[in-house]
There are 4 protein chains.
Amino acid sequence: MIRVGIIGATGYAGQEIVRLLMGHKEAKIQWYGSRSYIDKRYYEVFQNMFQIVDDTCLDDNMEELANQVDVIFTATPQGLCASLINEGILSKVKVVDLSADFRIKDVKTYELWYGIQHKTPQFIPEAVYGLCEINREEIKKARLVANPGCYPTCSTLSIYPLLKEGLIDPDTIIIDAKSGTSGAGRGAKLDNLYCEVNENIKAYGVATHRHTPEIEEQLGYAAGKEIRINFTPHLVPMNRGILVTAYASLKKQVSYEEVKGAYDTYYANETFVRVLDRDVCPQTKWVEGSNYVDVNFKIDPRTNRIIMMGAMDNLVKGAAGQAVQNMNLMFGLPENEGLMQVPMFP
Amino acid sequence: MIRVGIIGATGYAGQEIVRLLMGHKEAKIQWYGSRSYIDKRYYEVFQNMFQIVDDTCLDDNMEELANQVDVIFTATPQGLCASLINEGILSKVKVVDLSADFRIKDVKTYELWYGIQHKTPQFIPEAVYGLCEINREEIKKARLVANPGCYPTCSTLSIYPLLKEGLIDPDTIIIDAKSGTSGAGRGAKLDNLYCEVNENIKAYGVATHRHTPEIEEQLGYAAGKEIRINFTPHLVPMNRGILVTAYASLKKQVSYEEVKGAYDTYYANETFVRVLDRDVCPQTKWVEGSNYVDVNFKIDPRTNRIIMMGAMDNLVKGAAGQAVQNMNLMFGLPENEGLMQVPMFP
Amino acid sequence: MIRVGIIGATGYAGQEIVRLLMGHKEAKIQWYGSRSYIDKRYYEVFQNMFQIVDDTCLDDNMEELANQVDVIFTATPQGLCASLINEGILSKVKVVDLSADFRIKDVKTYELWYGIQHKTPQFIPEAVYGLCEINREEIKKARLVANPGCYPTCSTLSIYPLLKEGLIDPDTIIIDAKSGTSGAGRGAKLDNLYCEVNENIKAYGVATHRHTPEIEEQLGYAAGKEIRINFTPHLVPMNRGILVTAYASLKKQVSYEEVKGAYDTYYANETFVRVLDRDVCPQTKWVEGSNYVDVNFKIDPRTNRIIMMGAMDNLVKGAAGQAVQNMNLMFGLPENEGLMQVPMFP
Amino acid sequence: MIRVGIIGATGYAGQEIVRLLMGHKEAKIQWYGSRSYIDKRYYEVFQNMFQIVDDTCLDDNMEELANQVDVIFTATPQGLCASLINEGILSKVKVVDLSADFRIKDVKTYELWYGIQHKTPQFIPEAVYGLCEINREEIKKARLVANPGCYPTCSTLSIYPLLKEGLIDPDTIIIDAKSGTSGAGRGAKLDNLYCEVNENIKAYGVATHRHTPEIEEQLGYAAGKEIRINFTPHLVPMNRGILVTAYASLKKQVSYEEVKGAYDTYYANETFVRVLDRDVCPQTKWVEGSNYVDVNFKIDPRTNRIIMMGAMDNLVKGAAGQAVQNMNLMFGLPENEGLMQVPMFP
């Protein structure tokens, strides 16, 4: 039985890890870390856990935690994981970091976009970017996994095969993304109040969102060169779900079958990526609560562009589910253990 | 492995049975019955089931179905199950009927409130009302279980202990209930359009809702006499969830502890009924996707009334979950098999 | 032209006063008071006001304000208006207070339920409770109007005629109310975050909500005696709207026509109270954005109770609209000036 | 007083015309046409109109109607207006058609995208495309105005100045649009049920949506040449609102001020187009219920693209509001008469 510690257990992503691990046969949570709720019963913070979790919230003493568990999930604000981690800890325990601290290989890029100094850049090289479908083998051997951002997961998986197969022009990629509100976290901010979000849609972080360089880096690997994209996130009045609508120019005329073949090359054997049937557009509701990413595409011969679409649950495949998937890989467990929830509809 | 047939598999409740049984170790769906979608792939009707369910929708030939499965769930409009069932079928297969056909013992009451003639009243006496926490032993022996209505489940479980213990005056019960929109089914009706329901709340079926006699019958058993209640349902702009707020006059002055004790008498050992901590009000979100019913109460010494509250997911404990719970009991399986989903929040 | 000052102009109720007064022919806002946003452009706080309001937010210096305007609206937390007001101010300017400070005649009751000491109880006797349909004549002569709470407005108007006509037993009144989230204000609190409210319904303040004594006082006037009620508010996932479902025992057998007659006696000539046609249940969406209250009732002969229903927009008739209606009365203007918005649907 | 007839008065757009005209000083509705609800009171179809509109629904006899009114609004499915109109009617009455029948100058394009034969192509040449800010003078003289589609209105107004000023490459335009659900109309379709739309987002009509050629035609006029765009609409869980996020490559390096200047050139004197302050992203909630379109832009120097954004209420500026604006122009009234509603927030 893998002993699990969570730092940041009382955020939405942290709580989702708890939800998923309650159904995991090989993992047991030992440490519910939450600086804000120390000594409070976990279920008092999340009453859905009443009579399910009896534990009390603890602090985020990573040194101590490293002695008691086999794996630590850090579901914390940017900078915290990087500030707590050290060689001693990494020699004792595996770490899956849900923040952005170890996602970007170029520390200057990280510091520029996040506006903070990286405290432990020495661990960046060894950190593996935990997009399981793409970096599976490296993840299996990693001590430190950088769990991908929600937008980057959905964006990369939607576009990756076509870039890799050279079907689209990497310099023409535009990603228009839409996210439910849980992506904004559980902090009490005016912008996230019910009345401000409900019956409303807006773009935010236009041309400046911090997931941009992360997506560019991952798509760059697929393209085999540095690329620049446009990425525009939008806030949608719903709790969960990310939808990516991505646009690119085709490098040549292609048929539906060719493009479908490209997706199948990469995803036919993937449990969690579902390439939908022709002309079926992904919907976030169809993956809610599950670890699936639904992808599909539409060729527009009039403009010679292709529209690539992906939908997933931002808290599952976009955060906690992928984190558990990474843990499964790191510990040699079946990759889908604890992750076979059927999407909940409606 | 129990072989399962579903008639009405493409309604919201039918689909929820599918979702739950996908995680059930001892049951396998053999027959996805849906008159409206015959020969269509099930996942084309519910794309969340893509790559999860490959079966094709079949008709509702109950005779044939009875030869192929061990249990039939009928998640169909009122009157259909009663019109299809017969002794030959019941001798071969167990039936869990999610409609109201066999819930009410007095056939005249049924016919009055539902406005249809009961086709097979001869089976009413043997049908067991499938409120598992109350009729567990009878359910274990039943061939035909009448799965309770959503409002009656939540209402009865919220009020039952206090009536049974004689703490409240049965003639003063008022139930004000609030339901998410999935309770209205998947039929394409103007009243259930997004724009009609969203940003809106209304009462409906005031003093005439058909769940009234069902609640009265069940509460009557607890009270040991016939009772009349007020029951007012409301439509709430959300997909899932029922909240019951019930009022009654206390028969004597009682303390918090006495009332809590009454609830504990009946529910302390129940997996799926959670009596919340003092002053914590049930919220539908805390049980979403799960088979739990959260109940609690508040004594108002100023008026000598008690407010009883219950929250559950109308599609799970209020329909499909309880149906599976009934199946588990009927087949001697662990009662919670396939039903331990942690509520999904947010 | 009446010169208007608003203290608390950047809350939801304050902003709604602004919205309504933009269409008012006889009033002009001179002072946008907002302690939190001093020196900020009003439209930067509420971008809907871009190119409509150019003013800058000012402080809440009531002394100064009294010199510059004819009427002050205080849309502020409990206690603030009572702490700022004095004879000098009241001799210069009329005040419509949207807080609870001057609603309750018995200062001890106020202090008990609100948990604060009243700073200027000497003004309570002269303050007029601004429920226009009931206290119209007193309001016309008032210097200080206590604008009613949202729940009390909807509750009182729904029940008043039947109490006044002696049709219902005042000791049996139970009010089950449902409110949109704007009623909780614009403060950044975890409980009001989108993800906490959306897809959720709960009761709150059960048996302890501070609007209880206010409703009891007003209904007591109608009943001609002190009464105790049960009042249970619920939080509904929508921005605007209050629905009241009230229950009471009938004192004698009555016909639909008799009860309808009672409502008509009081409301037939009222612009803003609409007694709906038989069997039409009020819906909050049908009054959204308007100053209307829709009321109706249903007799339940089985239990000899009557269900009284009322729906209104909590920010309009439940706050800003009624405040403007009071202003109109106080200044001898047509009562509906600036208030004839047609409800917005959908 | 202008006498108004509406054909299709019981759809969402038709009802919105009613709402707006209730506050219009120079227009009076004489004819509430609704094939589905003939002889029914209008307020029974839309209870928000109770005690506001007492009229009964009539048929869609356009010949008769033309004798009784000065202007007809047709808020009807595609093809109906074209099938009813003739020279006799147009000689007697002005027509504002909210369908697509007269929006597209090339009848073959219309027939291709809409899949119906145009019954009266002879009126296409004289029909004026009713985008008031752009075709104001022609509208003033028109007998027949083709009221623009919701997406085309928001898209064109967001992009027009930059195309007209030659700042962007017309061959690179990609429009990613998001709409509330009222845009889908009031028909009882499964796809528009509350439970299907709520907590969900999806693209639809990808590369095939019928507003595409309409947008291309209008942007083509601005560009001075035929253009092809990508247009992808999305369905958002909200009642009202359209948000357009449009992308294009800049033809040269430009400063914020240059682009702002381009917008100001066209919109500085426009009442209903608000160019927001720098870095403020349009939100649909800020224009809800009003005739405003909020636009803004962001230059991305990294990719040399510009992101253009526009937000409006699809039922007001995107349908009924613009129709009234057109009527005002056609009859020489102040263009904003009846249209100065302040956006409702929240």
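We name chains A, B, ... by the order of the sequence lines, and we start the count at 1 in each one.
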Trainee: Tell me, please, whether Tyr292(D) has Arg274(D) positioned over its six-membered ring: NZ or CZ under 6.0 Å from the ring centre and within 45 degrees of its axis?
Mentor: yes
Trainee: Using the side-chain contact (heavy atoms from CB on, under 4.5 Å) rule, pick out the option among Val316(C), Asp294(C), Leu339(C), Leu157(C) that qualifies with Phe272(C).
Mentor: Leu339(C)
Trainee: Between Lys285(C), Gln47(C), Arg186(C), which has the largest tally of heavy atom pairs under 4.5 Å with chain D?
Mentor: Gln47(C)
Trainee: Heavy-atom pairs under 4.5 Å with chain D - which of Glu16(C), Glu199(C), Met340(C) has more of them than the others?
Mentor: Glu199(C)
Trainee: Which bit of Val275(C) comes within less than 4.5 Å of chain D, counting heavy atoms only: side chain, backbone, both or neither?
Mentor: backbone
Trainee: Arg278(C) side chain to Asn296(C) main-chain N or O, any donor-acceptor pair under 3.5 Å?
Mentor: no
Trainee: Out of the candidates Asp313(C), Asn239(C), Asn314(C), only one should pair with Ser182(C) under the side-chain hydrogen bond (donor to acceptor under 3.5 Å, both in side chains) rule; please name it.
Mentor: Asn314(C)
Trainee: Using a strict 4.0 Å threshold on nitrogen-to-oxygen distance, state whether Lys317(D) and Glu133(D) make a salt bridge.
Mentor: yes
Trainee: Which atoms of Tyr12(C) come close to chain D, meaning under 4.5 Å heavy atom to heavy atom: side chain ones, backbone ones, both, or neither?
Mentor: side chain
Trainee: Quick one: what part of Phe50(D) sits under 4.5 Å from any heavy atom of chain C, side chain, backbone, both or neither?
Mentor: both
Trainee: Can you tell me which of Glu44(D), Met49(D), Arg240(D), Gln15(D) forms the most heavy-atom pairs within a distance under 4.5 Å of chain C?
Mentor: Arg240(D)
Trainee: Side chain, backbone, both or neither: which part of Arg19(C) has an atom under 4.5 Å from a heavy atom of chain D?
Mentor: both
Trainee: By a 4.5 Å heavy-atom criterion (distance strictly below it), what part of Phe46(D) contacts chain C: side chain, backbone, both, or neither?
Mentor: side chain
Trainee: Looking at Val273(D) and Gln51(C), what are the two nearest heavy atoms and their distance?
Mentor: O-OE1, 4.3 Å
Trainee: Measuring heavy-atom distances to chain D, does Val280(C) have an atom under 4.5 Å in its side chain, in its backbone, in both, or in neither?
Mentor: side chain
Trainee: Of all the heavy-atom pairs spanning Tyr256(C) and Asp277(C), show the shortest one and how long it is.
Mentor: OH-C, 4.3 Å
Trainee: Can you tell which part of Leu315(D) gets under 4.5 Å to a heavy atom of chain C, answering side chain, backbone, both or neither?
Mentor: side chain
